[in-house]
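Side chains included, hydrogens not; waters and symmetry mates left out as well; all remaining heavy atoms used.
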Amino acid sequence: MDPKLTEVSQLFQRFKAAFVRNDFDSCATLLSQLKVLLTQFRSLPPLFEDTPNAIQELSLARDTYEHAVVLSVKTEDQDAFERDFFQLKPYYTDAGNCLPPSPQEHPILGLNLLRLLVQNRIAEFHTELELLSPTALENPCIKHAVELEQSFMEGAYNCVLSARQTVPHETYVYLMDLLAKTVRHLIIFQLIDAQQMFLYTSEQELLEYIKEEHSEWEINNGSVFFQKAKESAPCKEIPSLQLIN
């Protein structure tokens, strides 16, 4: 085996051992060293050169970044998650034909969707969803995130809160707890807004308040709805892949 590949492989084994025993300080140190050493391999993104050990190098790098993503969840570091996920993503999209499927791919893709939902980055959520294959969309980890987004957007907050009990993967618990906090804050803000409505002495004052402060609310038959009903768009949506191509 190539000496460089041997060195990185041995360092990765040390990193995995620290990962298993939850020694996060050692993991952080070893991961930094791994990332530096991986830059020596010209078979990795963005070059993708066809070197003699390309398959082993690609596989080792993918394993490293997959562990890095999960480590960021364990250490509750969302910034590190975003960095490591975008370093990992080319191994799923561009190197998919070179490597056998990874059992961690769908759980990690689902984790990323959940992260975007927690951060209320709904447009990016749907962009990432458009890029997934039909097979991925049927995976329980992906379907879990999609169903959460639907419940979240419909205001079915009880479904969002109860979904923590049925997470498809143990790594989802941290982000589900963050999503629960987001939902509780939204409920509190809506209650405060509802209380504000009772301070107006006339219907006209209330209508002006809603128009100025909450244009997203809907008034129908004398009732106030905190979220407008979804309207079917007459225009045809263009899939992200079509836009890219």
Side-chain angles (χ1 to χ4, degrees), residues 16 19-20 22 27 58-59 61-184 186-187 230 237 239-242 244:
K16 282 206 303 183
F19 183 90
V20 169
N22 291 329
C27 281
L58 285 166
S59 180
R62 184 181 67 180
D63 285 348
T64 299
Y65 287 116
E66 284 180 339
H67 278 76
V69 168
V70 178
L71 177 64
S72 69
V73 175
K74 289 190 172 187
T75 56
E76 303 181 359
D77 188 339
Q78 293 187 58
D79 291 336
F81 183 106
E82 185 159 10
R83 289 193 304 270
D84 292 326
F85 176 78
F86 280 109
Q87 288 179 294
L88 170 64
K89 193 175 179 181
Y91 295 90
Y92 295 152
T93 57
D94 301 326
N97 295 330
C98 304
L99 297 174
S102 166
Q104 297 303 317
E105 179 174 353
H106 291 139
I108 287 177
L109 291 175
L111 267 177
N112 183 56
L113 290 173
L114 185 54
R115 175 185 65 89
L116 294 173
L117 185 57
V118 166
Q119 296 175 352
N120 203 26
R121 294 159 64 176
I122 305 302
E124 293 175 65
F125 179 98
H126 286 283
T127 298
E128 290 294 321
L129 207 59
E130 287 271 0
L131 296 172
L132 297 181
S133 67
T135 302
L137 292 173
E138 290 301 315
N139 185 272
C141 293
I142 307 299
K143 293 176 73 173
H144 177 78
V146 172
E147 290 168 0
L148 276 173
E149 190 269 345
Q150 291 173 346
S151 297
F152 186 80
M153 297 306 294
E154 292 170 2
Y157 298 142
N158 59 321
C159 295
V160 177
L161 294 174
S162 63
R164 188 188 186 280
Q165 308 304 319
T166 57
V167 292
H169 199 273
E170 60 180 4
T171 53
Y172 284 48
V173 173
Y174 162 62
L175 290 173
M176 285 301 301
D177 287 342
L178 292 181
L179 185 59
K181 290 180 181 178
T182 300
V183 166
R184 292 188 181 103
L186 285 172
I187 292 172
K230 293 183 177 179
E237 294 185 357
S240 299
L241 283 174
Q242 186 174 337
I244 293 171

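Taking all atoms of both residues into account, the shortest heavy-atom contact from Y91 to A61 is OH-CB, 3.4 Å. When all heavy atoms of L99 and S59 are compared, the pair lying nearest together is CD2-N, 3.8 Å. Closest heavy-atom contact between S151 and C159: OG-CB, 3.7 Å. Between L175 and R115, the shortest heavy-atom contact is CD1-N, 4.0 Å. Nearest approach of C98 to L58, heavy atoms of both residues: CB-CD1, 4.3 Å. When every heavy atom of Y172 is checked against every heavy atom of H106, the shortest pair comes out as OH-O, 4.0 Å.
Distance check, rounded to the nearest 0.5 Å: NE2 of H169 to CG of L111 gives 7.5 Å. To the nearest 0.5 Å, atoms CG (D77) and CZ (R83) are separated by 6.0 Å. Atom CD1 of I122 and atom CG of L116 lie 8.5 Å apart (nearest 0.5 Å). To the nearest 0.5 angstrom, L129 atom CG is 11.0 Å from N112 atom CG.
Under 4.0 Å is where a charged nitrogen must lie from a carboxylate oxygen, and between R62 and E105 no such pair does. At a threshold of 4.0 Å, the pair R121-E82 counts as salt-bridged, since one of the basic side-chain nitrogens sits closer than that to a carboxylate oxygen.
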After noting the C-alpha distance and the side-chain angles of E147 and T166, does the key distance pass the side chain to side chain contact (heavy atoms under 4.5 Å, CB included) rule? CA-CA 12 Å; E147 290 168 0; T166 57; over 6 Å; no
Would E128 and L109 satisfy side chain to side chain contact (heavy atoms under 4.5 Å, CB included), going step by step from the backbone distance to the final call? CA-CA 9 Å; E128 290 294 321; L109 291 175; 5.7 Å; no
Q78 and Q119: CA distance, side-chain angles, deciding distance, side-chain hydrogen bond (donor to acceptor under 3.5 Å, both in side chains) verdict: CA-CA 10 Å; Q78 293 187 58; Q119 296 175 352; 2.8 Å; yes
Walk me through whether T182 and N120 qualify under side chain to side chain contact (heavy atoms under 4.5 Å, CB included). CA-CA 9 Å; T182 300; N120 203 26; over 6 Å; no
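No side-chain heavy atom of Y174 sits less than 4.5 Å from a side-chain heavy atom of V118. Put simply, the side chain of T171 does not reach to within 4.5 Å of the side chain of I108, judged on heavy atoms. You'll find the side chain of E76 stays beyond 4.5 Å of the side chain of L178, heavy atoms only. Counting heavy atoms from C-beta outward, L132 and L113 have side chains that approach closer than 4.5 Å.
Between F85 and F81, the ring planes lie parallel to each other; the angle is under 30°, not in the 30° to 60° tilted range.
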What side-chain donor-acceptor pairs closer than 3.5 Å can you find for residues 66-73, not counting sequence neighbours?
residue: E66; atom: OE1; partner: S102; partner atom: OG; Å: 3.2
residue: E66; atom: OE2; partner: Y92; partner atom: OH; Å: 2.6
residue: E66; atom: OE2; partner: S102; partner atom: OG; Å: 2.6
residue: H67; atom: ND1; partner: D63; partner atom: O; Å: 2.9
residue: S72; atom: OG; partner: V69; partner atom: O; Å: 2.5

